[in-house]
Amino acid sequence: WQHAAWIWPGPYSLKMGTPVAAVQGKIPAVAGGLYICVHCGLPAKDLYQEVGQEIRLRRCKSCGRYVDPYIELEILLVFIDLQLFREEVYRHILHNRFASCRGNLRREGLRFLLICLILDAHAAMRASSPLS
């Protein structure tokens with residue numbers, strides 16, 4: 001799934017213990033500096049914290065779980081959770097992923113819809129054509 005970058009552009013995966021310099025400027029900030037916890041939906045100050053030269057995921061003060069664990073997952077795993085209709089991944093996409101520029105959400109949503117329509121049309125064509 002190396003080619004999935006054209007669907008969801010930009011390096012966004014964050015591994016525990018990643019050096020601070022490697023991710024600065026790559027994770028967008030919500031206007032006003034607020035994110036939301038994907039589990040309980042309450043506002044959070046940020047998604048990660050800098051501890052020395054490392055980055056650690058921030059824990060929610062309300063529920064005690066990580067604010068957004070999806071920032072360290074590969075896009076394929078996020079896509080699988082989308083297909084399973086997990087509420088947390090939708091909060092990640094709608095509130096934390098495209099926080100700095102809401103126009104990107106619309107553009108990426110339309111791109112995803114177009115890909116789904118093309119794949120559906122291809123599947124319908126394959127199903128209606130006789131086997132050779």
Side-chain angles (χ1 to χ4, degrees):
W1 285 89
Q2 296 288 335
H3 304 292
W6 65 275
I7 296 173
W8 222 289
Y12 196 59
S13 292
L14 181 65
K15 303 292 182 208
M16 293 298 279
T18 303
V20 174
V23 294
Q24 284 183 328
K26 293 182 181 176
I27 298 178
V30 175
L34 293 178
Y35 295 95
I36 68 160
C37 175
V38 296
H39 302 288
C40 64
L42 294 177
K45 181 179 157 187
D46 52 11
L47 300 177
Y48 62 92
Q49 61 187 0
E50 298 175 12
V51 179
Q53 292 296 318
E54 293 183 351
I55 293 180
R56 297 199 180 146
L57 295 179
R58 172 90 52 197
R59 288 200 177 266
C60 178
K61 292 180 181 177
S62 173
C63 65
R65 299 166 81 180
Y66 290 124
V67 172
D68 192 350
Y70 289 99
I71 63 172
E72 68 176 358
L73 297 181
E74 296 295 326
I75 191 62
L76 178 60
L77 297 175
V78 173
F79 182 72
I80 290 171
D81 280 355
L82 278 172
Q83 297 300 312
L84 294 174
F85 297 108
R86 301 234 169 118
E87 186 177 334
E88 294 87 4
V89 76
Y90 285 95
R91 285 184 181 151
H92 163 74
I93 298 292
L94 295 174
H95 295 285
N96 296 340
R97 169 77 176 160
F98 296 106
S100 64
C101 184
R102 296 293 177 189
N104 287 345
L105 177 61
R106 175 176 285 157
R107 187 185 76 227
E108 294 303 319
L110 290 174
R111 186 178 292 173
F112 178 72
L113 180 63
L114 179 65
I115 290 170
C116 287
L117 289 174
I118 290 171
L119 290 174
D120 185 50
H122 176 70
M125 280 180 19
R126 295 276 298 177
S128 66
S129 66
L131 295 175
S132 50

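What's counted below: heavy atoms across the whole structure, side chains too, no hydrogens, waters or symmetry copies.
- A 6.0 Å sphere centred on CD of Glu87 holds no more than 12 heavy atoms belonging to other residues, nucleotides or ligands.
- In Arg58, the CZ atom is crowded: over 12 heavy atoms of neighbouring residues, nucleotides or ligands sit closer than 6.0 Å.
- Between Leu57 and the choices Leu47, Val67, Asp68, Ile71, the side chain to side chain contact (heavy atoms under 4.5 Å, CB included) rule is met once, by Ile71.
- Without hydrogens or angle criteria, Asn96 side chain to Ile36 main chain gives a donor-acceptor distance under 3.5 Å.
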Anything under 3.5 Å between a donor and an acceptor, one on a side chain of residues 75-83, the other on a protein residue two or more places apart or in another chain? List them.
unit_1: Asp81; atom_1: OD1; unit_2: Arg86; atom_2: NH1; d: 3.1
unit_1: Asp81; atom_1: OD2; unit_2: Tyr70; atom_2: OH; d: 3.0

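- Looking at heavy atoms from C-beta onward, Cys37 lies out of side-chain contact with Ser62 at the 4.5 angstrom threshold.
- Proximity of His39 to Pro69: side-chain heavy atoms (C-beta onward) are separated by under 4.5 Å at one or more points.
- Leu110 is not connected to Ile93 by any chain of hydrophobic side-chain contacts under 4.5 Å among Ile, Leu, Val, Met, Phe, Trp and Tyr, and they are in different clusters.
- Here the straight-line distance linking atom CD1 of Ile115 with atom CG of Asp120 works out to 13.5 Å at 0.5 Å rounding.
- For the pair Arg59 and Tyr66, the cation sits on the ring face: its NZ or CZ lies under 6.0 Å from the ring centre, inside 45° of the axis.
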